[in-house]
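The residues of the chain are indexed from 1 along the displayed sequence. Atoms within each ligand, like the ligands themselves, are counted from 1 in listed order.
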Amino acid sequence: MASVSEKGSGDTTTVEYQHYDRSFSTFYDSGETRYWHDYIKFRGYPASNQNARHWPSKLVNFTPSLVEYSAAVHELAQTILCLIAEGLGLDGTFFSGNLSRGDTHMSINYYPPCPDPTLTMGLLAHCDRHLLTVLSQADVAGLQARHGDRWLLVHPVPGAFVINFGHQMEIVTNGVLASVDHRAVTNSAVARMSVATHVHPTDGCRIRPASEMVDEAMNPAKYRELAFSEFMEAYDAADASREEVLQSFKINHD
Ligand SMILES: O=C(O)CCC(=O)C(=O)O
Ligand SMILES: [Fe+2]
């Protein structure tokens, strides 16, 4: 993990959507819970000069490792998207154009051991807003997914990634593959690190339910067509009620 000086002295440094951030002991807007979370975010794939100039430069192995990792994850994501498309009865190339060809956004999350995990949260409950997330949580538990009123621990499986559907997946599949609320909790025993690779549509991509997933009579479109950039603007503006952003693109059939 980058040292504090490597990350910059301020709490948050934002450069074109990529920032290093420390969020220890920061009160949530909504309550008394404190973050216990250190992270860096940046654009990972493709490893263009424009993206790479924001990566930590003082860590000698960071860039070559990231170039290799992000290309491998990109290929994995494309394979998974092809299998998902076929599983839904869509053409195998359905997701391989603009829907998944935006730059990937990566978060490297670090949750140090916390003396009292009941007072802190690693990451607040959220849904990923992109198409698909490929998450490595190594071998330390901490990721939880909401199932009804309960939070279920997503047990780490050595060598396996967690694949999470984002809001855009929910829209294009007309609600069949729904985005899932998830969060990260802290623990007192060991540090935990996760690496999330968020697969993005291109900014100009038009998002709409696939026609194959819509039947005007039996299963009408649940979401209106939108530009991905429009969704991101609405999400950024929504602040505290981000979970409700998806609702604002819903078509009401009542
Ligand atoms: O740390 C984790 O397991 C969750 C990370 C996550 O949800 C995210 O970065 O979007
Ligand atoms: Fe997430």
Side-chain angles (χ1 to χ4, degrees), residues 1-2 7 12 14 17-24 26 28 33-45 55 66 69-70 73-74 76-77 80 100 102-114 117 120-147 150-171 177-201 231-232 235-236 238-246:
M1 205 59 190
K7 288 185 291 184
T12 304
T14 303
Y17 297 107
Q18 315 182 74
H19 56 275
Y20 303 137
D21 199 342
R22 288 176 59 79
S23 51
F24 279 90
T26 304
Y28 289 132
T33 316
R34 290 162 184 252
Y35 278 112
W36 198 261
H37 177 208
D38 196 0
Y39 64 87
I40 55 174
K41 287 179 193 256
F42 48 84
R43 289 174 193 242
Y45 184 91
W55 300 349
L66 188 72
Y69 179 82
S70 63
V73 169
H74 171 79
L76 174 67
I80 290 168
S100 66
D103 292 1
T104 61
H105 288 204
M106 295 183 68
S107 308
I108 302 180
N109 303 299
Y110 179 70
Y111 313 96
C114 174
T120 61
M121 187 60 80
L123 263 186
L124 261 186
H126 66 282
C127 286
D128 293 342
R129 59 195 136 142
H130 328 97
L131 183 71
L132 186 90
T133 300
V134 180
L135 178 82
S136 164
Q137 59 168 344
D139 53 1
V140 180
L143 175 65
Q144 296 183 335
R146 195 200 295 276
H147 182 66
R150 296 167 59 212
W151 285 103
L152 305 181
L153 188 70
V154 181
H155 289 280
V157 176
F161 290 104
V162 175
I163 304 299
N164 200 17
F165 302 137
H167 282 323
Q168 310 313 310
M169 180 65 86
E170 175 154 353
I171 296 172
L177 299 181
S179 51
V180 177
D181 248 348
H182 56 284
R183 67 183 189 182
V185 295
T186 58
N187 77 81
S188 58
V190 281
R192 174 168 183 269
M193 191 182 282
S194 70
V195 181
T197 304
H198 302 291
V199 176
H200 266 231
F231 183 92
M232 293 300 268
Y235 189 94
D236 288 339
D239 203 21
S241 58
R242 289 172 170 202
E243 279 66 38
E244 281 155 34
V245 169
L246 195 57

Which residues and atoms, protein N, O or S only, are under 2.8 Å from the Fe ion (ligand 2)? His126 NE2, Asp128 OD1, His182 NE2
Between NE2 of His130 and NE2 of His167, what distance do you get to the nearest 0.5 Å? 9.5 Å
For residues Met121 and Val185, determine if any side-chain heavy atom of one lies less than 4.5 Å from a side-chain heavy atom of the other. yes
Heavy-atom gap Arg183 to ligand 1 smaller than 4.0 Å: no
Please list the nearest protein heavy atom to atom 3 (O) of ligand 1 with its residue and the distance rounded to 0.1 Å. Arg192 NH2, 2.8 Å
Leu135 neighbourhood, listing ligand 1 atoms whose heavy-atom distance to it stays under 4.0 Å: 3 (O), 5 (C)
Is any side-chain heavy atom of Ile171 closer than 4.5 Å to one of Leu246? yes
Under 3.5 Å side-chain donor-acceptor pair for Asn109 and His37: yes
When you look for heavy atoms under 4.0 Å from ligand 1, do you find them on the side chain of Asn164, its backbone, both, or neither? neither
Atom 6 (C) of ligand 1: closest protein heavy atom, distance to 0.1 Å, is Leu123 CD1, 3.4 Å
Using a strict cut-off of 4.0 Å, indicate which atoms of ligand 1 neighbour a heavy atom of His182. 7 (O)
When you measure from the side chain of Thr133 to the backbone of Ala196, do you find a donor-acceptor pair of N or O atoms at a distance under 3.5 Å? no
Yes or no: does Tyr111 have any heavy atom under 4.0 Å from an atom of ligand 1? yes
Relative to ligand 1, is Thr133 under 4.0 angstrom through side chain, backbone, both or neither, heavy atoms considered? neither
Is Gln137 in contact with ligand 1, taking contact as a heavy-atom separation below 4.0 Å? no
Side-chain heavy-atom pair Ile40, Tyr110 within 4.5 angstrom cut-off: no
Without swapping roles, check the side chain of Gln137 against the backbone of Met193 for a donor-acceptor pair under 3.5 Å. no
Show the atoms of ligand 1 that are less than 4.0 angstrom away from any heavy atom in Asp128. 10 (O)
Given side chain to side chain contact (heavy atoms under 4.5 Å, CB included), test Val180 with Phe165 step by step and report yes or no. CA-CA 7 Å; Val180 177; Phe165 302 137; 5.7 Å; no
Report the member of Val162, Thr197, Asn109, Ile108 with the shortest heavy-atom distance to atom 5 (C) of ligand 1. Asn109
How long is the gap from OG on Ser100 to NE2 on His200, to the nearest 0.5 Å? 12.0 Å
Which of the numbered atoms in ligand 1 are below 4.0 angstrom from a heavy atom of Ala196? 9 (O)
If you look only at pairs with a residue in residues 151-162, which of them pass as a side-chain hydrogen bond (donor to acceptor under 3.5 Å, both in side chains), with sequence neighbours excluded? none
Pairwise side-chain contact, Leu66 with Met106, heavy-atom cut-off 4.5 Å (strictly under): yes
Closer than 4.0 Å to some heavy atom of Leu143 - which atoms of ligand 1 meet that? 3 (O), 4 (C)
Where is the tightest heavy-atom contact between Ala191 and Val140, given as atom of each residue plus distance? O-CG2, 3.9 Å
Check: Val73 and Val195 side chains under 4.5 Å, non-hydrogen atoms: no
Nearest protein heavy atom to atom 2 (C) of ligand 1, by residue and atom, and its distance? Ser194 OG, 3.4 Å
